[in-house]
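Atom set for the values below is all heavy atoms of this structure, side chains included, hydrogens, waters and symmetry mates excluded. Computed from a predicted model, the values in this text were never measured in an experiment. Residues: numbered from 1 along the sequence shown.
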Amino acid sequence: MTRIAGMAGNRGRNLLNIADRKPGGAEFAVILTNTEDAPVLEAAAERGIPTEVVPLAEDMSRREHEEAVLEALEDYEFDLVCLDGYMRILSDTFLSETPTTLNVHPALLPSFPGMDAWGDALEAGVSVTGCTVHVVTDATDEDGDVLEDEVDMGPIVTQEPIPVYEGDDEDDLKEHVLYKGEFRAYPRAVKWVAEGAVDIDLEAGEVTVDADTPTAPDAEGLPARRLISSDRADTLRYGENPHQDAAVYADYTCDEASVVHADQLNEGAKALSYNNYNDADGALNLIKEFDEPAAAVIKHTNPAGCATADSLAEAYEKALSTDPMSAFGGIVALNRECDAATAEQIIDSFKEVVVAPGYTDDALEVLCEKENLRVLDVGRESRSASDASGDEPRALGKQTERFTEKDLVGGRLVQERDLQSISVDDLEVVTEREPTEEELESMVFAWQTLKHVKSNGILFADGTETVGVGMGQVSRVDAVRLAAMKADEHAEGKDAEGAVMASDAFFPFPDGIEEAAEAGIEAVVQPGGSVNDEDVIEAADEHGMAMAFTGQRSFKHD
């Protein structure tokens, strides 16, 4: 366990933050100050941390005071020294006798060294400042006088950028840098030291941190530290609800087809809302799954219907007929240039947004008849010129973004995107009856579509069109019942009789199969892997169903 000697001049908030978090298991052996009434003393005592006070007498030289500090620390074992507002420049008298000493400076060194980093940053008018954790090195001459050019010039361990907002004064900036910068960077540096990940070469003036080595985009695993920078593209009318403020931020290095970078073609229509962006992104990601002409209608990020066909108009008709009632006010996504025939169908009922990689002139004229139907072009010509190659100049192109992330209160989840794709050859048939070729084709379509249905998710499909979707249920049986209800009561011109059912996770009991059989399902695709697989397979055999396992689940919780 790493033991720390902390040295503070006043409140020692960074030291107390480290004490509370115990990064890498590190703990304080002692906290020392040169001010008898420093608030850090009481706060340390409340945490059971020993304290020492070494007052600075008027006639004490720098070296004499440091020798007194060393004497006060003699009875404590420590592996690291952390400074926090300790307003004394340290010399070799102290540094040569102690382990590595770290300090945090409230600016991105080498910019704005010195005593007023916040004021200097504001005076310079920078939009980004931050903090720096660095190794403390001797900044005095032989007589103990300070060499100003050497202060805060030790090797850098880590930094944290902080934005400077319009209207910030010095007090605002101090708070931002402390709580959003120093409270992140200092514990991070201590953790690295505690874990033995830091290699310090004082002669070369270099610090190497194994734990902070960037992970290449094509390397395995996730980077140890996620650095994000994006620019505000627009302020939105509101968030999910009118009482929530919202904005959309853009990553301009992204070459993948994206609703954030789409051109809105119908001038005069209202801008996209927070929910529009979210739903349109979900719709676009769904139709990226298919090479054939595909259409999807999304409502609240769930597919109300999806289909592929020989033509875009036919695919849209089949997608819409799955659940035209739920499609009201939804988002339409197409993976081909929108033609007039498809556009005529889209405007037959109320839609919020249509997303496609281009539009014919006739289609655009039709769509713009609807005053507030937002028409988004996510085609190659509306994106980066670097992505202008390919067989189809108006197709969606490749999926290039590797990670997705979700903000949590107090953190962020990051994962690889679910880019799994199956073929007929990947399916393991486990029932007495073999699926027909048509059922196998439908299983593959259903599985690729189901990836975009909220869990617990069940999807009924006939050929390459959806028949009923049961999404977001806490019971898998209820998801089957919902899909059956949607197929029987909401679908137009089709039903569940003879359809294929896809489940995003295994069936824990045969009851889901029983419900599916009652609805008319004749084939099932699911991951498998339940302790009750044999009972589930037996139930499928009893009903003459074909069943295939994918060997992988497809949960979508966001």
Side-chain angles (χ1 to χ4, degrees), residues 215 217-223 226 228 251 254-260 277-292 294 296-308 331 333 335 355 378 396-408 412-428 442-461 464 466 469-474 476 479 483 500-507 524-530 548-558:
T215 300
D218 57 349
E220 293 182 3
L222 294 162
R226 188 93 163 122
I228 302 296
D251 175 4
C254 174
D255 286 330
E256 184 174 335
S258 161
V259 296
V260 174
Y277 271 112
N278 203 27
D279 291 345
D281 179 67
L284 179 59
N285 285 330
L286 170 52
I287 53 96
K288 286 176 182 178
E289 296 285 347
F290 305 107
D291 295 326
E292 305 82 2
V297 183
I298 294 286
K299 192 71 173 290
H300 302 313
T301 70
N302 272 304
C306 181
T308 66
I331 309 288
N335 72 347
V355 183
V378 293
L396 292 175
K398 296 179 180 179
Q399 294 171 301
T400 58
E401 293 298 289
R402 181 181 177 192
F403 298 111
T404 62
E405 52 187 271
K406 174 182 173 60
D407 283 338
L408 304 177
R412 178 181 291 122
L413 291 173
V414 179
Q415 67 172 345
E416 288 187 309
R417 288 172 72 180
D418 184 1
L419 297 178
Q420 63 170 297
S421 180
I422 66 168
S423 67
V424 169
D425 293 338
D426 297 316
L427 299 175
E428 177 192 1
S442 192
M443 286 179 179
V444 170
F445 165 81
W447 188 256
Q448 295 305 117
T449 305
L450 183 64
K451 282 169 52 179
H452 302 269
V453 175
K454 297 288 181 65
S455 298
N456 286 323
I458 293 288
L459 186 139
F460 293 175
T464 57
T466 51
V469 185
M471 71 288 286
Q473 302 303 299
V474 294
R476 193 155 300 278
V500 166
M501 175 176 71
S503 172
D504 63 0
F506 61 65
F507 287 97
V524 179
V525 59
Q526 59 131 324
S530 167
F549 286 175
T550 64
Q552 56 191 358
R553 78 179 186 199
S554 192
F555 272 158
K556 179 178 172 59
H557 285 176
D558 295 333

Closest non-hydrogen contact found for Ala280 with Val355 is CB-CG2, 4.0 Å
Grab the two heavy atoms, one from Asp504 and one from Gly457, that are nearest each other, plus how far apart they are. OD2-N, 3.0 Å
Working to the nearest 0.5 angstrom, can you tell me the gap between Glu428 CD and Thr550 OG1? 10.0 Å
Nearest 0.5 Å, please: how far is CG in Asp407 from CG in Leu413? 9.0 Å
Looking only at heavy atoms, which two atoms of Val524 and Met443 are closest? And how far apart? O-CE, 3.5 Å
Look at Glu256 together with Lys398 and state whether they make a salt bridge at an N to O cut-off of under 4.0 Å. no
Set out, in order, the CA-CA distance, both residues' side-chain angles and the distance that settles side chain to side chain contact (heavy atoms under 4.5 Å, CB included) for Ile422 and Leu427, then state yes or no. CA-CA 8 Å; Ile422 66 168; Leu427 299 175; 3.9 Å; yes
To the closest 0.5 Å, what do you measure between OH (Tyr277) and OG (Ser258)? 9.0 Å
Any residue meeting ring-ring contact (aromatic ring centres under 6.0 Å, His included) with Phe290, in chain and number order, not counting sequence neighbours: Phe445
Which of Arg553, Arg476, Gln526 passes side-chain hydrogen bond (donor to acceptor under 3.5 Å, both in side chains) with Ser503? It is Arg476
Interatomic distance, Gln415 atom CD to Phe403 atom CZ [nearest 0.5 angstrom]: 10.5 Å
Taking all non-hydrogen atoms of both residues, which atom of Gly305 and which atom of Thr466 are closest, and how far apart? CA-OG1, 3.3 Å
Taking only residues two or more places apart in sequence, or in another chain, which ones meet Asp281 in a side-chain hydrogen bond (donor to acceptor under 3.5 Å, both in side chains)? Asn285
Tell me every residue that passes side-chain contact (heavy atoms from CB on, under 4.5 Å) with Asn278, counting only those two or more places apart in sequence or in another chain. Thr301
NE2 on His300 to CG on Asp279, rounded to 0.5 Å: 7.0 Å
Would you say that Thr449 contacts Leu459 through its side chain, given a criterion of any heavy-atom pair below 4.5 Å between the two side chains? yes
Under the side-chain hydrogen bond (donor to acceptor under 3.5 Å, both in side chains) test, residues paired with Gln552 that sit two or more places apart: Gln420
Sequence neighbours excluded, which residues qualify as side-chain hydrogen bond (donor to acceptor under 3.5 Å, both in side chains) partners of Glu405? Arg226, Arg412
Using the side chain to side chain contact (heavy atoms under 4.5 Å, CB included) rule, take Glu292 and Thr464 through it: C-alpha gap first, then chi angles, then the decisive distance, then the call. CA-CA 10 Å; Glu292 305 82 2; Thr464 57; over 6 Å; no
Step by step, work out the side chain to side chain contact (heavy atoms under 4.5 Å, CB included) result for Leu396 and Ile287. CA-CA 9 Å; Leu396 292 175; Ile287 53 96; 3.2 Å; yes
Where do Val424 and Val444 come nearest, in terms of heavy atoms and distance? N-CG2, 3.8 Å
Would you sort out whether Asn456 and Val474 count as a side chain to side chain contact (heavy atoms under 4.5 Å, CB included), showing the intermediate values? CA-CA 6 Å; Asn456 286 323; Val474 294; 5.6 Å; no
Distance from Leu450 atom CG to Cys306 atom SG, nearest 0.5 Å? 11.5 Å
Residues in side-chain hydrogen bond (donor to acceptor under 3.5 Å, both in side chains) contact with Lys451, at least two apart in sequence or another chain: Glu289
Nearest heavy-atom contact between Ser455 and His557 is CB-CD2, 3.4 Å
